[in-house]
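Side chains included, hydrogens not; waters and symmetry mates left out as well; all remaining heavy atoms used.
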Amino acid sequence: MTLKQIEKWKIAAEQQLSPNAFGYLSGGSGSEVSLKYNTEQFNRYRLIPRLLRDVTKIDTSVELFQSTIKAPILLAPIGFHTIVHESGELASARAANASGLPFVQSTVSSFSIEEVCDVMTESDHYFQLYWPSDDDVAYSFVRRAEAAGVKGLVITVDTPVLGRREIDLAHDYFPMDEGAGMRNFLTDPVFKEKYVTSEDDQTTLKQKIQAILFNQSLTFDKVARLINETSLPVMIKGILDPSDADYCKSIGAAGVIISNHGARQLDSAIEPLEVLAEIREKVGNDFPLLIDGGVRRGTDVIKAYLLGADSVLIGRPYIYGLTGGEAGVKDVLAEFITDVEVNLKLLGANTLADLSKTQVRRL
Ligand code: FNR
């Protein structure tokens with residue numbers, strides 16, 4: 001497979017999935033200007049090779065939160081995997097596990113935290129929290145994640161409401177309509193106790209979950225309290241403002257994920273790479289910064305690293321791969337790793353740490 005063929009997984013997804021499901025995966029919010037420029041942002045930079053170095057000892061791995069990961073690539077939290085393939089998050093997690101890359105499980109996954117934990121025997125498993133508008137349910141998810149043995153939490157803070165994804169509005173579609181993404185709620189003791197009755201049918205359950213799924217009154221104070229109360233490292237996802245990033249650091253976050261949510265939230269949100277250097281400058285060198293949105297090639301991973309990110313996350317490439325089940329996701333991940341490997345060698349380096357910051361230049 002080549003990266004051009006990763007594009008083929010998108011075509012496979014378009015051909016095999018319903019227009020509703022494909023629209024949900026591929027769309028962005030509003031004008032989709034951020035969707036366009038998320039992939040374009042990497043083309044504003046070029047790389048400078050340094051040659052006549054021995055590159056026989058290639059090693060793409062990096063350290064992230066005291067773990068060695070095969071390459072600085074995480075599988076981003078994406079909800080509702082069963083709209084793509086019946087084995088859903090279990091297939092994606094197995095592929096991540098076998099590839100040595102971390103898997104970030106969404107709150108709105110079609111398999112539970114515990115079920116995904118059972119699969120993640122070798123690689124790191126993170127749980128992404130959409131903080132529900134009921135704190136008891138939020139804390140119950142966190143306690144379950146701790147008990148299941150996840151590596152860390154990712155709190156997504158750019159979603160007080162869903163962005164206006166016009167394709168989904170036109171289709172009048174939300175994946176829970178298909179029964180996807182409800183499992184963490186339906187297996188949660190607190191949610192069941194407080195909200196579920198024996199008369200509830202599927203539609204009622206969906207409505208009850210959607211009524212508390214997002215939280216418009218979440219503030220830094222609440223996140224700070226959670227950081228103090230959990231034993232897990234907490235990354236905050238969706239940050240684009242340097243002062244916000246610095247504030248995350250000051251309240252004890254373990255790191256920040258610079259992200260515009262794959263261009264699905266604020267219409268016209270800035271491309272993450274545009275603010276990376278400024279955020280790095282603000283928070284200093286020792287604070288983990290991850291970035292996502294539009295990463296499609298090994299050189300995108302390398303550019304993000306050179307510009308100050310510790311790691312990237314990929315979203316759509318692997319979820320399109322899931323059209324082919326676990327094998328499809330594995331193909332995509334292997335291709336990314338190979339592309340990092342080959343281009344590192346062409347840059348004259350055996351490891352990412354060998355690279356010099358002078359090897360990337362903005363046009
Ligand atoms: C997402 N994203 C997302 N983020 C999150 O924190 N929780 C979630 O449940 C989801 N769900 C989700 C569904 C789909 C279909 C997409 C495409 C994205 C955002 C995701 O984590 C990530 O930020 C972007 O996908 C990265 O951009 P690319 O790689 O898709 O361009």
Side-chain angles (χ1 to χ4, degrees), residues 28-29 33-45 62 64-65 69 71-78 101-102 104 106 126 128-131 152-160 163 218 220 223 227 233-297 299-318 336 352 357 360 362:
S29 56
V33 69
S34 306
L35 191 63
K36 175 171 181 321
Y37 287 105
N38 269 5
T39 45
E40 286 290 307
Q41 59 183 336
F42 292 96
N43 297 330
R44 294 180 199 134
Y45 296 88
V62 293
L64 189 69
F65 300 121
I69 61 177
I73 303 169
L74 285 71
L75 282 73
I78 286 192
L101 300 179
V104 187
S106 169
Y126 291 85
Q128 175 264 328
L129 182 70
Y130 278 133
W131 191 308
L153 295 174
V154 169
I155 305 185
T156 300
V157 297
D158 58 11
T159 312
L218 188 64
F220 272 111
V223 175
I227 289 172
V234 174
M235 277 190 279
I236 302 184
K237 175 169 182 277
I239 299 294
L240 290 166
D241 175 77
S243 304
D244 275 359
D246 203 37
Y247 203 62
C248 290
K249 181 182 176 189
S250 77
I251 61 171
V256 154
I257 302 177
I258 304 170
S259 171
N260 62 19
H261 208 117
R264 298 163 70 82
Q265 284 299 108
L266 172 66
D267 181 10
S268 224
I270 195 163
E271 303 92 295
L273 215 51
E274 285 294 317
V275 290
L276 171 59
E278 230 177 298
I279 293 182
R280 175 53 80 202
E281 165 106 27
K282 186 92 179 172
V283 299
N285 282 335
D286 55 353
F287 185 65
L289 287 180
L290 287 72
I291 190 164
D292 74 13
V295 176
R296 299 292 177 265
R297 314 197 139 259
T299 45
D300 298 342
V301 179
I302 292 169
K303 286 172 184 176
Y305 183 87
L306 279 171
L307 293 166
D310 292 281
S311 181
V312 304
L313 296 84
I314 55 170
R316 292 183 185 81
Y318 91 82
F336 265 95
L352 285 148
K357 301 278 179 202
V360 69
R362 189 177 173 115

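Counting heavy atoms of neighbouring residues, nucleotides and ligands inside a 6.0 Å radius, atom OH of Tyr37 does not exceed 12 of them.
Between Cys248 and Ile239 the shortest side-chain heavy-atom distance falls below 4.5 Å. Between Asn260 and Leu240, some side-chain heavy-atom pair lies under the 4.5 Å cut-off. Within the 4.5 Å cutoff, no side-chain heavy atoms of Thr299 are placed close to those of Phe42. Residues Asp292 and Lys237 are in side-chain contact: their nearest non-hydrogen atoms beyond the backbone lie under 4.5 Å apart. In this structure, the side chains of Pro317 and Val295 stay at 4.5 Å or more apart for every pair of heavy atoms. For the pair Val301 and Ile73, the minimum side-chain heavy-atom distance is below 4.5 Å. Within the 4.5 Å cutoff, the side chain of Asp300 has no heavy atoms near those of the Val312 side chain. In this structure, Trp131 and Ile155 have side chains that are in contact, with non-hydrogen atoms separated by less than 4.5 Å.
In terms of heavy-atom proximity, Val33 sits nearest to Ser268 at CG1-OG, 3.4 Å. Of all the heavy atoms in Pro102 and Tyr126, the pair that sits closest is CB-CE1, 3.9 Å. Nearest heavy atom pair, residue Phe65 against residue Pro288, reads CE2-CG, 3.9 Å. Closest heavy-atom contact between Ile236 and Ala253: CD1-CB, 3.9 Å. Closest approach of Ser34 and Ala269 over heavy atoms only: OG-O, 2.8 Å. Closest non-hydrogen pair, Leu35 versus Gly262, comes out as CD1-O, 3.8 Å.
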Using the side-chain contact (heavy atoms from CB on, under 4.5 Å) rule, take Lys249 and Asp286 through it: C-alpha gap first, then chi angles, then the decisive distance, then the call.
-> CA-CA 11 Å; Lys249 181 182 176 189; Asp286 55 353; 4.0 Å; yes
Check the pair Ser29, Gln265 against side-chain contact (heavy atoms from CB on, under 4.5 Å), reporting the backbone distance first and the verdict last.
-> CA-CA 6 Å; Ser29 56; Gln265 284 299 108; 5.6 Å; no
Under the side-chain contact (heavy atoms from CB on, under 4.5 Å) criterion, do Thr159 and His261 qualify, and how do the steps go?
-> CA-CA 9 Å; Thr159 312; His261 208 117; 3.3 Å; yes
Leu64 and Leu74: side-chain contact (heavy atoms from CB on, under 4.5 Å), yes or no, with the steps?
-> CA-CA 10 Å; Leu64 189 69; Leu74 285 71; 3.8 Å; yes
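Between the side chain of Gln41 and the backbone N or O of Asn38, at least one donor-acceptor pair lies under 3.5 Å. Looking only at distances, no side-chain donor or acceptor of Ser259 sits under 3.5 Å from a matching main-chain atom of Gly238. Without hydrogens or angle criteria, Lys303 side chain to Tyr45 main chain gives a donor-acceptor distance under 3.5 Å. At distances below 3.5 Å, not a single donor-acceptor pair connects side-chain atoms of Arg316 with backbone N or O atoms of Gly293.
From Leu290, atom CG reaches atom CG of Asp310 across 6.0 Å, with rounding to the nearest 0.5 Å. One finds the CG atom of Leu266 at 10.5 Å from the CD1 atom of Ile270 (value rounded to the nearest 0.5 Å). Summarising the geometry, atom CG belonging to Leu101 is positioned 8.5 Å from atom OG belonging to Ser311; distances are rounded to the nearest 0.5 Å. A distance of 11.0 Å separates CG of Asp241 from CD1 of Ile258, quoted to the nearest 0.5 Å. Here Leu306 contributes atom CG and Leu352 contributes atom CG; the two are 8.0 Å apart, rounded to the nearest 0.5 Å. Here the straight-line distance linking atom CD of Gln128 with atom CG of Leu313 works out to 11.0 Å at 0.5 Å rounding.
With sequence neighbours excluded, the residues forming a salt bridge (charged side-chain N to carboxylate O under 4.0 Å, His left out) with Glu274 are Arg44, Arg362, listed by chain and number.
Between Phe220 and Tyr247, the ring-plane angle classifies as perpendicular under the 30° and 60° cut-offs.
Annotation: cation-pi pair Lys357/Tyr305 present, NZ/CZ under 6.0 Å from the ring centroid and within 45° of its normal.
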